[in-house]
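Structure, as structure tokens:
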Amino acid sequence: ATGLDVEAIREDFPILDRQIGGDVTAPGPDETDDTPLYYLDNAATSHTPRQVVEAMTEYYYEYNSNVHRGIHSLSQEASVAYEEAHDRVAAFVGADGREEIVFTKNTTEAFNLVAYTWGLTELEPGENVVTTQMEHHASLVTWQQLCEKQGAEVRYVEIDEDGHLDMDDLRSKVDDDTAMVSTVHVSNTLGTVNPVAEITEIAHEHDALSFVDGAQAVPTRPVDVGAIDADFYAFSGHKMLGPTGIGVLYGKERLLEALPPFLVGGAMIRRVEFEGATWEDLPWKFEAGTPPIAEAVGLTAAIDYLEEVGMAAIERHESELARYAYDRLAEFDDIEIYGPREERGGLVGFNLDSVHAHDLSSILDDHGVAVRAGDHCTQPLHDVLGVPASTRASFYLYNTREEIDELIDAVDTARQLFA
Ligand SMILES: Cc1ncc(COP(=O)(O)O)c(CN[C@@H]2CONC2=O)c1O
């Protein structure tokens, strides 16, 4: 037991009672559904508790309005909720205040925001960006495109056979021409937890910036961006019990202050004249147009929920489930598991010999087990692993060992089918 009252938590997620297996062309349950759902695809997106949906419903029913302090009451109420959502996120991740919290659409947009502002104005020809073989396309492709534009070089730190980052290789690749070191906090494919504070220190020794991809970390463990000392840190609401359509870029205030805006237009300006425009204060300078207001309300409720449960307890629960899944899968000699056994995030990527991940996940779906099969937006990493795809089971605070047993049984059924 990990101290979580999982049964009580599951009561807050109606979707977990879904029966599936019937007609998938019409969204939602139908009378042909006959199989219980075992949802093990949380690294793709997490489910949404009643409390988050109810908070967003209350917004739409009670104080829906456009923000930026229109004179009328509803706008004031919506503006306060939207602005205070930034304070809530700042406190949750250990930022100094709302000035360091920019709401984006998702993690991917957060990386693009930095590439289009810092990258196009600060990255010089001949400099380099050091990233790793295990990065998600959200950062990896962003740095590739930026460095091509700027005449800079992308360097990829290697991983060892256990899926750990080769820190000696990292140290050898960071030099005085390194402008940015960009690393994932928890790999969404390997489960590897990277030493991002140490990596940030190495970056800073060479006057390089450190950007940490926290999409798989913030939902699953306590994160303190101040302790990490990252210059930028990004994550998504949909992976942490929140709605889709909202992500977060954390940035040190002095860095964000010095950057030009990303998207321009309404709300992010202070004064516009025919001759030009000046910009709003942080973080509003980076939030052009009508923002994700209901999503910000939902994200606040998601953080309330997570803090009620406790991030340390969630981390313990997830690593316990990951260890259980790892050890049960490791019982079979025809299964290859990717990533380290120790100290891994709440997910396990694997392959069953002679069965393509897509075929395996389809059979798992027949048994109600929802996992992700494919490259998990880490195609270069799969090239390093030497496989075209992998099957990934990923856990969260509402998952149980029994669901992992269902996974193992369904894998066994697939094994018999393809034997
Ligand atoms: C480590 C990591 N970085 C970046 C992203 C991109 O987040 P957004 O899609 O919200 O911009 C994800 C999302 N995880 C993906 C989403 O689907 N399957 C995954 O593993 C991720 O896990």
Side-chain angles (χ1 to χ4, degrees), residues 1-10 16 38-44 46-47 134 159-165 184-196 214-223 239-241 306 309-353 357 360-361 364 367 369-373 376 378 381 385 387 390-412 414-415:
T2 58
L4 288 195
D5 184 349
V6 177
E7 286 319 305
I9 287 170
R10 288 176 71 95
L16 296 176
Y38 307 106
Y39 186 79
L40 303 178
D41 192 22
N42 294 281
S46 66
H47 284 317
M134 69 170 85
I159 62 172
D160 66 20
E161 65 285 347
D162 290 334
H164 288 117
L165 212 49
V184 65
H185 194 161
V186 177
S187 164
N188 67 312
T189 299
L190 301 169
T192 306
V193 182
N194 287 319
V196 287
Q216 190 60 37
V218 167
T220 63
R221 62 194 52 234
V223 167
K239 286 176 62 129
M240 53 188 284
L241 307 185
L306 287 171
V309 175
M311 296 314 294
I314 291 171
E315 181 180 10
R316 276 196 303 278
H317 181 70
E318 276 213 0
S319 58
E320 203 269 328
L321 290 182
R323 170 68 60 79
Y324 182 69
Y326 188 106
D327 290 346
R328 288 228 53 195
L329 287 166
E331 287 163 14
F332 303 101
D333 55 13
D334 59 355
I335 285 185
E336 184 181 23
I337 302 173
Y338 308 111
R341 180 173 184 278
E342 310 301 331
E343 243 296 271
R344 67 159 44 223
L347 62 98
V348 183
F350 64 96
N351 268 305
L352 173 61
D353 284 359
L360 176 58
S361 69
L364 297 184
H367 292 75
V369 179
V371 294
R372 181 79 29 166
H376 319 302
T378 59
L381 173 59
L385 298 174
V387 289
S390 60
T391 297
R392 180 191 64 192
S394 50
F395 318 111
Y396 210 2
L397 71 172
Y398 37 66
N399 286 126
T400 64
R401 281 185 171 218
E402 290 71 29
E403 291 178 306
I404 293 171
D405 294 337
E406 291 294 336
L407 164 71
I408 302 300
D409 293 350
V411 169
D412 211 28
R415 174 183 287 111

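Bear in mind that the values here come from a model prediction, so they are computed numbers and not experimental data.
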Got [X] and [Y] here, is their nearest side-chain heavy-atom distance under 4.5 Å?
{"X": "Tyr398", "Y": "Leu241", "result": "yes"}
{"X": "Thr391", "Y": "Leu352", "result": "no"}
{"X": "Val348", "Y": "Phe395", "result": "yes"}
{"X": "Ile404", "Y": "Tyr38", "result": "no"}
{"X": "Ser394", "Y": "Arg372", "result": "no"}
{"X": "Asn194", "Y": "Met134", "result": "yes"}
{"X": "Ile337", "Y": "Phe332", "result": "no"}
{"X": "Val309", "Y": "His317", "result": "no"}

How long is the gap from [atom1] on [X] to [atom2] on [Y], to the nearest 0.5 Å?
{"X": "Glu402", "Y": "Asp405", "atom1": "CD", "atom2": "CG", "result": "6.5 Å"}
{"X": "Asn351", "Y": "Asp334", "atom1": "CG", "atom2": "CG", "result": "11.0 Å"}
{"X": "Thr400", "Y": "Leu4", "atom1": "OG1", "atom2": "CG", "result": "12.0 Å"}
{"X": "Glu320", "Y": "Arg316", "atom1": "CD", "atom2": "CZ", "result": "11.0 Å"}
{"X": "Glu315", "Y": "Thr220", "atom1": "CD", "atom2": "OG1", "result": "7.0 Å"}
{"X": "Leu385", "Y": "Glu161", "atom1": "CG", "atom2": "CD", "result": "12.0 Å"}

Please report the closest heavy-atom contact between [X] and [Y], naming both atoms and the distance.
{"X": "Ala414", "Y": "Leu360", "value": "CB-CD1, 3.5 Å"}
{"X": "Leu306", "Y": "Met240", "value": "CD1-O, 3.7 Å"}
{"X": "Gly345", "Y": "Glu318", "value": "C-OE1, 4.4 Å"}
{"X": "Ala357", "Y": "Ala373", "value": "O-CB, 3.4 Å"}
{"X": "Tyr338", "Y": "Ser390", "value": "CE1-CB, 3.9 Å"}
{"X": "Gly191", "Y": "Leu347", "value": "N-CD1, 3.6 Å"}

Taking the side chain from [X] and the backbone from [Y], do they hold a donor-acceptor pair closer than 3.5 Å?
{"X": "Ser46", "Y": "Asn42", "value": "no"}
{"X": "Lys239", "Y": "Ala43", "value": "yes"}
{"X": "Asp160", "Y": "Asp162", "value": "yes"}
{"X": "Ser187", "Y": "Thr192", "value": "no"}

Next on the checklist: Against Arg323, only a single residue in Glu343, Arg341, Arg328 fulfils side chain to side chain contact (heavy atoms under 4.5 Å, CB included); can you say which?
Outcome noted: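 Among the candidates, only Arg341 passes.
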
Next on the checklist: Using the side chain to side chain contact (heavy atoms under 4.5 Å, CB included) definition, which of the options Leu40, Leu321, Val369 pairs with Glu403?
Outcome noted: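 Exactly one pass, corresponding to Leu40.
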
Next on the checklist: Quick one, Val223 with Met311, criterion side-chain contact (heavy atoms from CB on, under 4.5 Å). Give me CA distance, side-chain angles, the key distance, then yes/no.
Outcome noted: CA-CA 9 Å; Val223 167; Met311 296 314 294; over 6 Å; no

Next on the checklist: Checking Asp41 against Val371 for the side-chain contact (heavy atoms from CB on, under 4.5 Å) test, could you report, in this order, the C-alpha distance in whole Å, the side-chain angles of both residues, the deciding distance, and whether it holds?
Outcome noted: CA-CA 5 Å; Asp41 192 22; Val371 294; 5.7 Å; no

Item to check | Partners meeting side chain to side chain contact (heavy atoms under 4.5 Å, CB included) with Asp409 (sequence neighbours left out) | outcome: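 If we apply the side chain to side chain contact (heavy atoms under 4.5 Å, CB included) test to Asp409, skipping adjacent residues, there are no hits.
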
Checklist entry - Between Arg415 and Asp353, is a salt bridge (Lys or Arg N to Asp or Glu O under 4.0 Å) present by the stated rule, with each step listed? => result CA-CA 9 Å; Arg415 174 183 287 111; Asp353 284 359; over 6 Å; no

Checklist entry - Is NZ or CZ of Arg344 both nearer than 6.0 Å to the six-membered ring centre of Tyr326 and within 45° of the ring axis? => result no

Checklist entry - Under the ring-ring contact (aromatic ring centres under 6.0 Å, His included) test, which residues partner Tyr39, sequence neighbours left out? => result His47

Next on the checklist: Between Glu331 and Ile408, is the side-chain contact (heavy atoms from CB on, under 4.5 Å) condition met? List the steps.
Outcome noted: CA-CA 10 Å; Glu331 287 163 14; Ile408 302 300; 5.5 Å; no

Checklist entry - Stepwise, does the side-chain contact (heavy atoms from CB on, under 4.5 Å) test hold for Leu190 with Thr378? => result CA-CA 10 Å; Leu190 301 169; Thr378 59; over 6 Å; no

